[in-house]
Amino acid sequence: MCRTLAAFPTTCLERAKEFKTRLGIFLHKSELGCDTGSTGKFEWGSKHSKENRNFSEDVLGWRESFDLLLSSKNGVAAFHAFLKTEFSEENLEFWLACEEFKKIRSATKLASRAHQIFEEFICSEAPKEVNIDHETRELTRMNLQTATATCFDAAQGKTRTLMEKDSYPRFLKSPAYRDLAAQASAASATLSSCSLAEPSHT
């Protein structure tokens with residue numbers, strides 16, 4: 001394994017830098033990070049080759065399953081950027097809000113946040129109203145009477161299914177992701193060949 005980028009040939013470093021730039025442009029063009037908190041942040045870790053290789057694998061993994069995409073911070077950021085271009089980012093934002101909601105331990109904060117989420121995403125004419133059926137909407141409204149960590153489970157499940165069946169396939173076919181995946185494949189292949197060419201350390 002490489003310990004620092006200094007051991008790599010210049011061409012390898014240029015390819016990795018080009019890949020980073022490509023992703024940065026992709027996210028910037030989508031105007032990511034306007035009001036989504038941590039969702040809008042894209043962070044490269046250290047500058048080690050292992051980080052670059054792991055990121056390439058991460059990008060390529062997004063097309064393997066929707067679960068892998070949602071479990072990746074960078075995947076969520078890229079998917080959110082894509083949804084913004086379709087003006088349908090509310091579904092992902094609601095899903096993320098539910099994930100954070102489940103981590104709340106204070107009963108008082110849980111009840112307060114539950115009503116905030118309901119007003120923002122669930123109630124009729126909410127500013128970021130998600131596309132769920134009337135039955136699920138009413139079930140969620142009833143759940144708020146005794147708010148628990150699971151009170152949004154039905155609505156969250158509906159929006160997740162909608163994203164997986166509708167938005168996710170379009171994301172994978174989008175020029176932005178296909179270009180990013182191509183860059184990831186190229187970067188991964190280049191880093192692998194550079195690793196093989198790296199001088200051994202004693």
Side-chain angles (χ1 to χ4, degrees), residues 22-43 55-103 113-144 149-185:
R22 176 74 64 171
L23 181 69
I25 292 173
F26 165 58
L27 295 178
H28 179 69
K29 283 185 176 180
S30 301
E31 297 181 351
L32 186 64
C34 296
D35 58 0
T36 56
S38 61
T39 311
K41 295 179 181 177
F42 173 74
E43 300 176 358
F55 182 74
S56 297
E57 293 171 354
D58 189 27
V59 170
L60 297 175
W62 301 345
R63 62 191 177 194
E64 298 301 321
S65 76
F66 193 47
D67 285 330
L68 286 177
L69 175 68
L70 291 181
S71 65
S72 163
K73 181 176 68 174
N74 295 320
V76 168
F79 187 47
H80 185 268
F82 168 75
L83 292 177
K84 285 178 73 71
T85 67
E86 294 196 334
F87 304 99
S88 61
E89 67 270 21
E90 69 278 352
N91 289 327
L92 180 60
E93 290 177 9
F94 170 64
W95 187 88
L96 291 169
C98 290
E99 290 297 291
E100 289 301 312
F101 174 75
K102 294 174 184 177
K103 299 176 183 178
R113 182 59 180 145
H115 283 85
Q116 290 175 0
I117 292 174
F118 187 85
E119 292 297 322
E120 185 176 7
F121 296 102
I122 304 296
C123 71
S124 297
E125 300 184 2
K128 297 181 179 181
E129 185 178 355
V130 294
N131 184 15
I132 57 175
D133 57 87
H134 177 73
E135 181 180 339
T136 303
R137 194 183 310 276
E138 289 307 306
L139 173 62
T140 305
R141 187 191 306 276
M142 291 176 60
N143 288 342
L144 289 189
T150 62
C151 66
F152 291 108
D153 281 4
Q156 185 185 19
K158 295 278 186 179
T159 56
R160 186 195 184 287
T161 298
L162 182 64
M163 289 190 293
E164 184 172 17
K165 292 184 176 180
D166 186 39
S167 305
Y168 175 57
R170 290 201 304 275
F171 168 71
L172 296 182
K173 294 176 182 177
S174 68
Y177 175 70
R178 293 175 68 176
D179 183 48
L180 191 61
Q183 290 289 324
S185 295

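Index from 1, following the sequence. In this text the structure is predicted, and so the values were computed from the model without any measurement.
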> Are the side chain of T161 and the backbone N or O of G157 linked by a donor-acceptor pair below 3.5 Å?
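Looks like yes, one N/O pair under 3.5 Å.
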> After noting the C-alpha distance and the side-chain angles of D58 and W62, does the key distance pass the side-chain hydrogen bond (donor to acceptor under 3.5 Å, both in side chains) rule?
CA-CA 7 Å; D58 189 27; W62 301 345; 3.2 Å; yes
> Got a sec, which residues hit ring-ring contact (aromatic ring centres under 6.0 Å, His included) with F66, two or more places apart in sequence or on another chain?
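With sequence neighbours excluded, F66 shows a ring-ring contact (aromatic ring centres under 6.0 Å, His included) to F79, Y168, given in chain and number order.
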> Does atom CZ of R178 have more than 12 heavy-atom neighbours from other groups under 6.0 Å away?
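Open.
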> For T150 and D153, which I'm curious about, is there any donor-acceptor pair between the side chains at under 3.5 Å?
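Absent: no donor and acceptor within the cut-off.
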> Within this structure, what is the SG-NZ distance for the pair C98 and K103, rounded to the nearest 0.5 Å?
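Spacing of SG (C98) from NZ (K103) equals 12.5 Å.
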> Say you draw a straight line from CG of L96 to CG of L70; how long is it, rounded to the nearest 0.5 Å?
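Atom-to-atom, L96:CG and L70:CG are 8.0 Å apart.
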> Could you give the distance from SG (C151) to CG (L144), rounded to the nearest 0.5 Å?
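If I round to the nearest 0.5 Å, the distance is 5.5 Å.
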> Any ion pair linking R137 and E129 (charged N to carboxylate O, less than 4.0 Å)?
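Yes, charged N to carboxylate O under 4.0 Å.
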> Would you compute the distance between atom NE2 of H134 and atom OG1 of T136 and round it to the nearest 0.5 angstrom?
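H134 atom NE2 to T136 atom OG1 measures 10.0 Å (nearest 0.5 Å).
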> Once you round to the nearest 0.5 Å, how far does CG of L69 lie from CG of L172?
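L69 atom CG to L172 atom CG measures 7.5 Å (nearest 0.5 Å).
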> Ignoring hydrogens and angles, tell me if any N or O in the side chain of T159 forms a donor-acceptor pair with the backbone of Q156 under 3.5 Å.
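Yes.
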> Check this for me: E64, atom CD, are more than 12 non-hydrogen atoms of other residues, nucleotides or ligands nearer than 6.0 Å?
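Result for CD/E64: enclosed.
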> Calculate, to the nearest 0.5 Å, the distance between atoms CD1 and CZ belonging to I122 and R141 respectively.
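The CZ atom of R141 is 10.0 Å from CD1 of I122, to the nearest 0.5 Å.
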> With side chain to side chain donor-acceptor pair (under 3.5 Å) as the rule and sequence neighbours excluded, what pairs involving residues 114-125 come up?
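As it turns out, the side chain to side chain donor-acceptor pair (under 3.5 Å) pairs with a partner in residues 114-125, which skip direct neighbours, are R113-Q116.
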> Taking the six-membered ring for Trp, are F152 and F101 closer than 6.0 Å centroid to centroid?
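Yes, they do, as the ring centres are separated by less than 6.0 Å.
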